[in-house]
Amino acid sequence: LPLRFDWRDKHVVNHVRNQKMCGGCWAFSVVSAVESAGAIQGKPLDYLSVQQVIDCSFNNYGCRGGSPLGALSWLNETQLKLVADSQYPFKAENGLCRYFPPSQSGVSVKGFSAYDFSNQEDEMARALLSFGPLVVIVDAVSWQDYLGGIIQHHCSSGEANHAVLITGFDKTGNTPYWMVRNSWGNSWGIEGYAHVKMGGNVCGIADSVAAVFV
Amino acid sequence: TWPWSPQREAAALRESLNRHRYLNSFPHDNSTAFYGVNQFSYLFPEEFKALYLGSKPAWAPRYPAKGQTPIPNVS
């Protein structure tokens, strides 16, 4: 494992987005992972439609919440093409699902894998290197007040309630940490990111980890 | 779905400031997280959770440790 790795350095991670007052973190994390997986394969790094997942993923609840793994299962089973955000822009509320003709361009999920990597965060780092940014679910209650630094206390692996995207890790300092891309805008945390200590399953970050294939 | 009022916002901010003092009070090195006023400080924790923490937990199988391969059922 390298001491430091960040998919942002490879220009395959879009800028942080803002879910506003919509509980759609589960959709933002999945769509961001699809965007990066496509870019790693050489596709353009376009913003894809989060609203399409919010409106059409019938096994979830839109802005009232959902499961990233449920969304990935739905995308994989339906082979739905995620269209560009410009085609189906985010409006921070539930709406009627819009359908597009088969000729519409887009990115579909060819598969995904999800594992519990607790106590195996080095293996999780290898998965990040191999497959790209990882969708994780954390307990983010204490993130309400977060301003910066490495989260290592006050963040149990209790009840997972927030979906985010891990884009990298840094083990060069005294405290190794994950680089975690959030969806609360770039004025939150460290330009929209949080640093979470690697090891010890802080915030439950390793409990449910998914990699996406497009 | 909470009734907005300046009094409610002020009460939420006071509660946030108390929480920040507690969270920052632990002995820590200079890399540890620090907490303070941000765009969510005017919300009570239950409001913040209802609005922004919308993911459901999802079970995932344990990642097979290195060298460990699932043993086929042998009668």
Side-chain angles (χ1 to χ4, degrees), chain A residues 19 21-26 29 60-61 63-70 114-120 123-124 127 137-155 159-164 173-175 177 184-185 187-189 194-196 204 207-210, chain B residues 1-6 8-71:
Chain A
Q19 66 187 69
M21 292 174 88
C22 162
C25 59
W26 57 277
S29 60
N60 284 300
Y61 308 96
C63 284
R64 289 195 304 276
S67 154
L69 299 194
Y115 281 109
D116 170 351
F117 278 97
S118 49
N119 304 314
Q120 300 184 80
E123 290 307 315
M124 186 169 150
I137 316 175
V138 292
D139 179 347
V141 167
S142 66
W143 293 22
Q144 173 175 3
D145 307 302
Y146 176 74
L147 292 181
I150 301 171
I151 297 173
Q152 45 193 313
H153 311 298
H154 318 301
C155 202
E159 174 221 348
N161 48 44
H162 188 49
V164 288
N174 294 331
T175 307
Y177 62 85
W184 293 342
S187 64
W188 178 87
H195 290 169
V196 178
D207 282 338
S208 177
V209 180
Chain B
T1 58
W2 290 270
W4 180 85
S5 76
R8 185 178 178 86
E9 228 178 55
L13 181 57
R14 276 196 303 273
E15 186 171 313
S16 292
L17 295 173
N18 289 332
R19 207 172 43 246
H20 303 159
R21 266 192 289 277
Y22 166 74
L23 290 170
N24 290 322
S25 66
F26 286 70
H28 55 259
D29 60 30
N30 58 5
S31 70
T32 297
F34 50 96
Y35 302 86
V37 176
N38 63 20
Q39 67 261 50
F40 301 130
S41 299
Y42 301 90
L43 296 171
F44 284 105
E46 59 275 16
E47 292 170 333
F48 170 72
K49 188 168 179 178
L51 287 170
Y52 292 96
L53 304 185
S55 184
K56 312 296 179 199
W59 178 84
R62 184 136 190 73
Y63 184 72
K66 227 181 312 187
Q68 179 189 5
T69 47
I71 299 170

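Numbered from 1 within each chain, the chains take letters A, B, ... in sequence-line order.
When heavy atoms are compared at a cutoff of 4.5 Å, A:D139 does not approach chain B at all. Heavy atoms of A:C155 lying under 4.5 Å from chain B are absent altogether. When heavy atoms are compared at a cutoff of 4.5 Å, A:Y61 approaches chain B solely by way of its side chain, counted from C-beta outward. Contact of A:S29 with chain B is not made at all, since no heavy-atom distance falls under 4.5 Å. Only the side chain of B:R19 has a heavy atom closer than 4.5 Å to any heavy atom of chain A.
Listed for the A:Q144 side chain is a donor-acceptor partner under 3.5 Å among the backbone atoms of B:L43.
For an aromatic pair to be called close, the ring centres must be under 6.0 Å apart, and A:W184 with B:F40 satisfies this.
Under the 30°/60° scheme for interplanar angles, the aromatic rings of A:H154 and B:Y22 are found to be tilted.
Taking NZ of B:K56 as the start and NE2 of A:H162 as the end, the distance is 13.5 Å to the nearest 0.5 Å.
Annotation: side chain of B:R62 is not in contact with side chain of A:F117 (no heavy-atom distance under 4.5 Å). Two residues are said to be in side-chain contact when any heavy atoms from C-beta on lie closer than 4.5 Å; A:S208 and B:P57 fail this criterion. Considering only heavy atoms from C-beta on, A:H195 stays 4.5 Å or farther from B:S31 through its side chain. You'll find the side chain of B:Y63 stays beyond 4.5 Å of the side chain of A:N119, heavy atoms only.
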